[in-house]
Novice: 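Attaching a single structure in structure tokens format; questions to follow.
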Amino acid sequence: MIECSRTHSLSVVVHVIGSLMIDRVVRVRRLPVAGETVAAVSSAMYAGGKGANQAVAAARCGGRVRMLGRTGVEGLFIVDALRAAGVDVRAICTSDAVAGAAMVMVAEGGENAIVIAAESNTRIAMGAVEDFVAAAAATEILLLQNECALLRETMELAAARGLRVWLNAAPADASLRALPLQLLAGLIVNEAEAQALTDECDPRAALEVLAARVARGTVVVVTLGAHGSIAAQGDARFEHAGFVVAAVDTVGCGDAFIGALLVAMASGMGLAAALARGNAAGALAATVHGAIPSLPECRAIDVLAASAERTVLESLA
Ligand code: ADP
């Protein structure tokens, strides 16, 4: 088990360039179909965005996290949430642009549907990216997602500077196929994103296609919801069946998974153990409503990861 006290893992630095979103979450008995109106059971507003969520997730796992992003004035409470979680927010710009927002519907049982309006997140300037990357040391981790402008340019710049670039290729769209995936140190996708990137419905087949597209040694992870996750690194293949929990809301599960996996790997853990920690974090996030409120602390991950070790397969292909 990883020694996860803050003093130990604070040496792990994670840089994040990503989104800040106002999550407007409505709970519904079931998701509406096209053209249908349904009444919500409740409605709430949370700090969110994949970038912000993953920054908080890594910080709660004991990483030293700094973030670059852009929001509007109505999104300042997200910056406060990041600061409260210990994230270095000095590079985050605010503007008079409309703040990025996500409309999230969560059905009973945890199924969700999300619409994203990226808005301010599309206005990150290249100069800000250059300054942010210049302040990072070579070999440190830079974590990116697909909710902000300049993704390709950022990947190329950071990789050229020697940073280890991890991409959560989410949300998936056609632009991702043209990205230079061979520059990555790590690629993390869920099942839908894996399919969108590869046209393979079977996540194991998609994992093989993605593993063939990245550089040798690059980590590729496909998360499988309640069924855990699978991964490839070079010729090695890994699978962890996940943890059984009473899920109430799966928003933020992938973000919790990514923060925990990245801090574990940057702390020197192997991929099999890091997958277990990612799955434990994702499972814990499913037991709490909201995104940032659901991201678990390191000690809770320690307990779950140690309590039910379900690594079922670690093999060399
Ligand atoms: P995303 O949230 O990006 O769509 P997934 O749904 O694959 O990604 O969830 C990410 C991780 O969270 C999974 O790999 C798993 O470890 C955990 N997880 C998600 N949903 C559940 C669930 N219902 N029960 C237990 N673990 C879950």
Side-chain angles (χ1 to χ4, degrees), residues 18-19 21 23 25 31 46 48-54 56-58 60-61 102 104-114 116 143-147 166-173 176 186-197 202-204 206-207 210 219-232 238-262 264 271-292 294-296 300-301 304-305 307-313:
S19 58
M21 297 279 190
D23 282 353
V25 180
L31 301 179
Y46 299 101
K50 290 181 189 301
N53 294 346
Q54 292 170 21
V56 172
R60 291 209 179 134
C61 291
V104 182
M105 287 182 285
V106 183
E108 282 174 4
E111 191 187 12
N112 66 59
I114 303 174
I116 289 165
L143 173 60
L144 306 170
Q145 310 81 25
N146 188 32
E147 286 185 335
W166 282 70
L167 174 64
N168 171 218
D173 62 31
L176 289 176
L187 173 66
I188 305 176
V189 288
N190 67 14
E191 283 178 271
E193 293 144 7
Q195 183 177 352
L197 277 172
D202 173 13
R204 284 168 179 75
L207 179 70
L210 293 171
V219 173
V220 180
V221 179
V222 181
T223 62
L224 307 175
H227 301 294
S229 51
I230 52 179
F238 303 86
E239 177 162 350
H240 186 286
F243 295 92
V244 178
V245 292
V248 297
D249 178 354
T250 58
V251 173
C253 288
D255 301 323
F257 178 99
I258 289 165
L261 178 110
L262 268 192
L271 183 50
L275 277 188
R277 291 192 70 77
N279 281 333
L284 288 166
T287 65
V288 179
H289 287 295
I292 284 180
S294 77
L295 300 170
I301 300 170
L304 184 57
S307 72
E309 307 234 310
R310 291 180 59 191
T311 303
V312 293
L313 229 177

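Start at 1 and go down the list; that is how both ligands and their atoms are numbered.
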Novice: Measuring only between side-chain heavy atoms, which start at C-beta, is Glu193 closer than 4.5 Å to Thr223?
Specialist: no

Novice: I'd like to check which ligand 1 atoms, numbered from 1 as shown, lie under 4.0 Å from a non-hydrogen atom of Ala247.
Specialist: 23 (N)

Novice: If we only count heavy atoms from C-beta on, is the Glu191 to Leu224 side-chain gap below 4.5 Å?
Specialist: yes

Novice: Give me the atom names and distance for the closest heavy-atom approach of Leu197 to Ala169.
Specialist: CD1-CB, 4.0 Å

Novice: If you count the atoms of ligand 1 from 1 in the order shown, which ones are under 4.0 Å from a heavy atom of Val245?
Specialist: 24 (N), 25 (C)

Novice: I'd like to know whether Arg277 forms a side-chain contact (heavy atoms from CB on, under 4.5 Å) with Leu261, so could you lay out the CA-CA distance, the side-chain angles of the two residues, the decisive distance to 0.1 Å, and finally the verdict.
Specialist: CA-CA 6 Å; Arg277 291 192 70 77; Leu261 178 110; over 6 Å; no

Novice: Which protein non-hydrogen atom lies closest to atom 4 (O) of ligand 1, naming both residue and atom, and how far is it?
Specialist: Asn190 ND2, 2.9 Å

Novice: Taking only heavy atoms of Gly228 into account, list the atoms of ligand 1 that are under 4.0 Å away from them.
Specialist: 13 (C), 14 (O)

Novice: Are Asn190 and Phe257 packed together at the side-chain level, in the sense that at least one heavy-atom pair is separated by less than 4.5 angstrom?
Specialist: no

Novice: Look at atom 25 (C) of ligand 1 and say which protein heavy atom is nearest, naming residue and atom and giving the distance to 0.1 Å.
Specialist: Phe243 O, 3.2 Å

Novice: Among Gly225, Ala285, Gly242, which one puts a heavy atom closest to atom 27 (C) of ligand 1?
Specialist: Gly225

Novice: Kindly identify the option in Ala281, Ala283, Gly254, Ala170 whose heavy atom sits closest to atom 10 (C) of ligand 1.
Specialist: Gly254

Novice: Check each heavy atom of Asn279 against ligand 1 and say whether those closer than 4.0 Å belong to the side chain, the backbone, both or neither.
Specialist: both

Novice: I'd like to check Val251 versus Val25 (side-chain heavy atoms, cut-off strictly below 4.5 Å). Are they in contact?
Specialist: no

Novice: To the nearest 0.5 Å, tell me how far Lys50 NZ sits from Leu144 CG.
Specialist: 14.0 Å

Novice: Starting from atom 9 (O) of ligand 1, locate the nearest protein heavy atom and write down its residue, its atom name and how far away it is, to 0.1 Å.
Specialist: Cys253 CB, 3.7 Å

Novice: Asn168 side chain to Gln145 main-chain N or O, any donor-acceptor pair under 3.5 Å?
Specialist: no

Novice: At less than 4.0 angstrom from any non-hydrogen atom of Leu224, what atoms of ligand 1 do you find?
Specialist: 7 (O), 14 (O)

Novice: For atom 8 (O) of ligand 1, which candidate among Thr223, Ile230, Thr287 provides the closest heavy atom?
Specialist: Thr223

